[in-house]
Amino acid sequence: MTALTVTARPDEDNAALRPVPWWRMAGVTWRQHRFALVAVAVLLGVLAVWLWIVGTSMHHAYAAAIACHPATSPGCQDLVNTFNGTDTFLANGVILQVLPAAIGAFVGAPLLAKELETGTFRFAWTQGFGRWRWTLGKLVPLAVAVTAATCAFGVLLSWYYQPYFGQGNQAIGLSVTSRFNTGLFDLPEIAFPAWTLAAFAIGALAGMLIRRVVPALAATLAVYAGLAFATGLYLRQHYLTPLVITNNFKLPTSAWILGQVWTRGGTPLSESTMNQVMDPVFSRNIPPVPSDQVHLYKGSALLNTEQYLIQHGYTFWTRYQPGSRFWPFQWIEGGWLLGLSVLLIAATIWLVRRRAA
Amino acid sequence: MSINVVEASGLGKRYGGTWALRECTLAVPAGRVAALVGPNGAGKSTLLNLAVGLAAPSAGGVTVLGGRPAGSPAALDGIAFVAQDTPLYKTLSVADMIYVTRSLNRRFDTPYARARLDELGIPPKRKAGKLSGGQQAQLALTLALARRPRLLVLDEPVAMLDPVARHDFMATVMTAMAADGVSVLLSSHVLSELERVTDYLILLSRGRVQLAGEVDDLLGRHRLLTGPAAEVDHYAGRTVVHAGRAEAQANLLVQATADDPVPPGWSARAANLEELALAYLREPGAVALPSQGRDLGTDRSEVTK
């Protein structure tokens, strides 16, 4: 019995094979992930239409309230109340925090977990494309797609929340907040896609490590939540050294106040100490008015109290991030999240490349 | 020029503390249907995964198609692998599966794939997950063959199929082999289905290669002897692989050729592949490996019984 000679095929026997071109992954990725991509597009599309409708009426209410003169007239106060009542559901932004996590995890976690769970990686990773190239060729376009879509959505969110950041809002009783507000900081067009990308990258790596779709999804959401909370509560305020100002009680509403404390002779005083100090001064400053009208005088009385304390050797310290640092903070957060995502994706590809089935 | 489609030397794979495969040295020549046979858990899938580059060896090395490192781009280009239970993207249509496979490979014979699926009555718009088990297996095989591989690797291709689907599946493999000169390496825990088509046998047991060689050669070197049970121990001329007793009769599979003398009172006949494989599988200590032309009965095998 003689061994059959394997037919020589000139195109195969080159020492260096020309690899299958990258662009071919585009169609493959689309066919495999069109359901997820369409679902994300529909979700964001529906939300965008809704935000557009609610946002337009809110912007109109805001413009009307701002333009109204004189601001103290009952007619103008009605317009102010109209604006303040337009949207109470989205105003704190908390509900929208779910979006980056959900989108990133939903697209990212099943990407490898499903292949590993169903065994189709045995098909995918033995094709001529090569398995690390396959992984890269899938992760990158999907990462770009979810990032681009959420970036566009972030532009809409930035527009939507604009009226809440007006510097003149407080004076005429309109709702106002800092753009550093924990619920709102993540929503503009830099932080929002960056967090989505991070969730996607966490999902991809979790899928590769856990190899099952549902546990990988759960792990992604848990890790993401931990990271988001840690960032919002501890990390973000340290991006740049906070500014410190003394005896200023009227910082602009755009500022992010991190801490305030009274001191005397260099010693910080606790809140209870200050209450004991302030109460007698405070009551001395309140003019004799009927008790149901006390609240009308409290503001000015408080200010007088503060002036009195300052004159008597007390100092009021405020540690804060000024509103002008908002965009630098966005870029810092976007930057490290992008770096983290690139690292996680690289780790995923490295695992695919070296980890045995 | 003839090449080896799979060459392993000292190949081993450990999962945790357990060796799934160890000290595996093999050379499977091209142009064969090589069957990797052994009980469940013998290391068949491990060996195939190593050969197609899905797993990395813990010891030793494996090359394919004449020295290409397993899993390298050049190796992936020339090998088509149909994994156990023929995994397909269940939510993709048959046409999409063709598209995906074509996109992921340098060569893909779309007309062949379409014609073959048409012949099998597999509708292109049907989702892969909605096909019957036999159709899924045929789809996976068709996609693999349309890549025009030089080596087709099949892991337990017929285990899940009914007899008709088994026959059709193997017929497709054999047709491709005849038409395209593709070499085939397949694993199975049942030999009976494959006996007709196999011309190279690798017997794996407990993670080790027990028997490897050309089927004709192996069969030519073994005889099945039948004689009185009381005289089993008197038969000492050749290595006895396995001795089976049925009442007063003993059946011995011995390493011997047709020219070897048969003791008085005994009859000898050629063993078939299944008898040969079974005898070795019953004696995991018995080993017969190709020994570059030397008599495998005398120096390379361990004597049992």
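Hydrogens, waters and symmetry mates are skipped; everything else that's a heavy atom, side chains included, is used. In what follows, chains are A, B, ... by sequence order, proteins preceding strands, each numbered from 1.
Closest approach of B:Phe81 and A:Thr126 over heavy atoms only: CD2-CG2, 3.8 Å. Closest approach of B:Pro87 to A:Thr118, counting heavy atoms only: CB-O, 4.2 Å. In this structure, B:Leu54 and A:Trp125 approach most closely via the heavy-atom pair CD2-CB, 3.8 Å. B:Leu88 approaches A:Thr120 most closely through the heavy-atom pair O-CG2, 3.3 Å.
Interface summary for chain B: among A:Glu115, A:Met25, A:Arg133, A:Arg31, the most heavy-atom pairs under 4.5 angstrom belong to A:Arg31.
Inter-residue side-chain proximity for A:Arg122 and B:Gln84 is flagged as unmet; no heavy-atom pair is nearer than 4.5 Å. You'll find the side chain of B:Thr86 stays beyond 4.5 Å of the side chain of A:Phe123, heavy atoms only. Counting heavy atoms from C-beta on, the side chains of B:Leu92 and A:Gln32 come closer than 4.5 Å. By the 4.5 Å heavy-atom criterion applied to side chains, B:Thr91 and A:Phe35 are not counted as neighbours.
If you measure heavy-atom distances from B:Leu151 to chain A, you find no contacts under 4.5 Å at all. Interface remark: A:Trp134 contributes side-chain atoms only to the contact with chain B (heavy atom separation under 4.5 Å). With a threshold of 4.5 angstrom between heavy atoms, B:Leu104 approaches chain A through its backbone and through its side chain. For A:Ala124, the parts sitting under 4.5 Å from any heavy atom of chain B are the backbone and the side chain alike.
The number of heavy atoms from other shown groups lying within 6.0 Å of CZ (B:Arg126) does not exceed 12. Atom CH2 of A:Trp52 has 12 or fewer heavy atoms from other residues, nucleotides or ligands within 6.0 Å. Counted within 6.0 Å of NZ on B:Lys130, heavy atoms from surrounding residues, nucleotides or ligands total 12 or fewer; the atom is thus considered open. Within a 6.0 Å radius of NZ in A:Lys114, other residues, nucleotides and ligands contribute 12 heavy atoms or fewer.
B:Asp96 and A:Arg34 are joined by a salt bridge, as a carboxylate oxygen and a charged side-chain nitrogen come within less than 4.0 angstrom of each other.
One N or O on the side chain of A:Arg24 and one on the backbone of B:Arg102 form a donor-acceptor pair closer than 3.5 Å. Proximity of a side-chain donor or acceptor of B:Asn105 to a complementary backbone N or O of A:Gly128 within less than 3.5 Å is detected. Between the side chain of A:Arg131 and the backbone N or O of B:Gly53, at least one donor-acceptor pair lies under 3.5 Å.
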Side-chain polar contacts of residues 340-351 of chain A - donor-acceptor pairs under 3.5 angstrom, sequence neighbours left out - could you list them?
unit_1	atom_1	unit_2	atom_2	d
A:Ser341	OG	A:Ala198	N	3.4
A:Ser341	OG	A:Leu337	O	2.7
A:Thr348	OG1	A:Leu344	O	2.7

